[in-house]
Amino acid sequence: MDGEIECTAGTSGWVKLYRDVMDNDVWKDKPFARGQAWVDLIMLANHKDKEFWFNASCLCIQRGQFVTSKRKLGERWGWSVCKVTKFLTELEKVGMVTAVSDHKKTIISVTNYAEYQGNSERTVSEQSKNSERTVKEQQANTEKTLGKQRANTERKQSETNKNINNLEEGKKEKSEEEPAALSSSEDGDLELGFNWDEVESE
């Protein structure tokens with residue numbers, strides 16, 4: 001229809017969604033939509049294996065799992081416990097989650113959690129390789145720059161030494177070429193180079 005804007009966003013790939021979004025008032029607005037509740041489950045899941053104590057027993061929660069209760073999810077989403085139970089059952093039927101409950105807790109496991117995280121293990125490995133490559137390139141560039149600086153310093157020092165030698169040689173040659181205009185007698189008087197006896201006799 002004329003005047004309507006069609007959504008052309010892609011449906012492949014993945015985006016980073018930080019858990020801080022859950023503290024936003026827009027996100028916490030209730031009641032949650034079904035899609036919002038599904039994304040909330042993904043963000044609540046642990047990103048790595050974890051152990052913690054619950055009612056005097058140690059629970060081993062794996063990556064992609066978290067411990068909650070249907071009552072807490074109902075309070076979080078603004079739903080009734082009955083609606084939460086029905087929603088989790090629907091997700092289990094299509095293989096999106098598994099939920100194991102007892103009278104105290106519910107352990108929810110997000111199926112294919114790694115896919116929703118963009119295969120984070122591969123991403124971390126690629127980031128590590130890129131970081132190592134960047135460090136090596138920086139080291140190579142630094143060594144190259146230092147090498148050029150050393151070469152320039154040595155060249156300038158060589159030119160300076162050459163100029164000093166030329167100046168010293170020039171002074172030496174000049175002093176050898178110029179005759180002595182005056183000479184000193186043994187008692188310190190200057191001798192002008194003519195005979196005083198001849199002057200007095202005239």
Side-chain angles (χ1 to χ4, degrees), residues 4-143:
E4 292 185 353
I5 299 176
E6 182 181 357
C7 179
T8 58
T11 57
S12 61
W14 58 280
V15 297
K16 289 183 178 180
L17 186 61
Y18 291 96
R19 288 183 170 88
D20 287 348
V21 73
M22 294 187 290
D23 296 327
N24 190 288
D25 290 337
V26 175
W27 182 263
K28 292 189 288 187
D29 190 28
K30 301 173 184 178
F32 275 28
R34 289 164 57 86
Q36 184 181 0
W38 160 236
V39 174
D40 200 48
L41 292 177
I42 297 175
M43 290 194 294
L44 288 171
N46 289 316
H47 69 283
K48 62 180 180 180
D49 296 350
K50 185 177 181 180
E51 293 183 357
F52 70 97
W53 288 91
F54 181 83
N55 284 353
S57 61
C58 182
L59 295 179
C60 298
I61 304 302
Q62 298 179 352
R63 185 171 185 259
Q65 295 181 329
F66 68 100
V67 179
T68 185
S69 69
K70 295 176 182 179
R71 179 182 58 82
K72 288 184 177 180
L73 288 178
E75 293 174 354
R76 181 180 179 86
W77 297 343
W79 293 3
S80 66
V81 174
C82 180
K83 185 175 180 178
V84 172
T85 302
K86 183 179 179 180
F87 179 65
L88 293 177
T89 301
E90 291 175 354
L91 294 182
E92 283 190 280
K93 286 181 179 179
V94 295
M96 296 172 69
V97 302
T98 59
V100 179
S101 301
D102 58 26
H103 65 285
K104 292 183 179 180
K105 65 184 182 302
T106 296
I107 299 178
I108 296 178
S109 304
V110 178
T111 307
N112 299 326
Y113 177 79
E115 292 184 5
Y116 300 117
Q117 301 304 307
N119 198 350
S120 60
E121 294 180 356
R122 183 183 64 187
T123 301
V124 170
S125 177
E126 291 176 352
Q127 290 176 345
S128 178
K129 290 180 180 179
N130 291 336
S131 178
E132 292 178 359
R133 183 169 61 249
T134 300
V135 170
K136 289 181 180 179
E137 291 176 353
Q138 290 176 344
Q139 290 176 344
N141 292 334
T142 300
E143 292 175 357

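These figures come from a predicted structure and were not determined experimentally.
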* Asked: Checking side-chain contact (heavy atoms from CB on, under 4.5 Å) for the pair Leu73/Thr106: CA distance, chi angles, key distance, verdict?
  -> CA-CA 10 Å; Leu73 288 178; Thr106 296; over 6 Å; no
* **Residues Lys83, Phe87; criterion side-chain contact (heavy atoms from CB on, under 4.5 Å); working and verdict** => CA-CA 6 Å; Lys83 185 175 180 178; Phe87 179 65; 5.5 Å; no
* **Lys28 vs Met22, side-chain contact (heavy atoms from CB on, under 4.5 Å): CA-CA, chis, key distance, verdict** => CA-CA 7 Å; Lys28 292 189 288 187; Met22 294 187 290; over 6 Å; no
* Steps toward side-chain contact (heavy atoms from CB on, under 4.5 Å) verdict (Trp38, Val110) -> CA-CA 10 Å; Trp38 160 236; Val110 178; 4.0 Å; yes
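When the salt bridge (Lys or Arg N to Asp or Glu O under 4.0 Å) test is applied to Lys86, no partner is found at least two apart in sequence or on another chain. By the side-chain hydrogen bond (donor to acceptor under 3.5 Å, both in side chains) test, Glu75 is found to be paired with Arg71, residues two or more places apart in sequence or in another chain being considered. Residues forming a side-chain contact (heavy atoms from CB on, under 4.5 Å) with Thr98 (at least two apart in sequence, or on another chain): Glu92, Ser109. For Glu90, the side-chain hydrogen bond (donor to acceptor under 3.5 Å, both in side chains) partners are Arg34, not counting sequence neighbours. Every residue was checked against the side-chain hydrogen bond (donor to acceptor under 3.5 Å, both in side chains) condition with Asp25, not counting sequence neighbours, and none meets it.
Of the possible donor and acceptor atoms, one in the side chain of Thr111 sits under 3.5 Å from a partner among the backbone N and O of Met96.
The shortest side-chain heavy-atom distance between Thr68 and Leu44 does not fall under the 4.5 Å cut-off. Between Met43 and Val21 there is a side-chain heavy-atom pair separated by less than 4.5 Å. Between Leu41 and Phe66, the closest side-chain pair of non-hydrogen atoms falls below 4.5 Å.
Exactly one residue among Ile42, Thr89, Leu91 makes a side-chain contact (heavy atoms from CB on, under 4.5 Å) with Val97. That residue is Leu91.
Heavy-atom minimum distance, Ala33 versus Trp79: O-CZ2, 4.0 Å. Nearest heavy atoms, Pro31 versus Gly78: CB-O, 3.7 Å. Pairing each heavy atom of Tyr113 with each of Gly64, the nearest pair is CG-CA, 3.5 Å. Here the closest non-hydrogen pair linking Ser101 and Lys70 is OG-CE, 3.8 Å.
Other residues, nucleotides and ligands contribute at most 12 non-hydrogen atoms within 6.0 Å of the NZ atom of Lys72.
Each side chain to side chain donor-acceptor pair (under 3.5 Å) pair with one or both residues in residues 39-62, not counting sequence neighbours, appears once here: Trp27-Asp40, Asp40-Arg76, Asp40-Trp77.
Atom CD of Gln65 and atom CD1 of Ile107 lie 6.5 Å apart (nearest 0.5 Å). Within the model, atoms CG of Asp29 and CG of Asn24 stand 10.0 Å from one another, a figure rounded to the nearest 0.5 Å.
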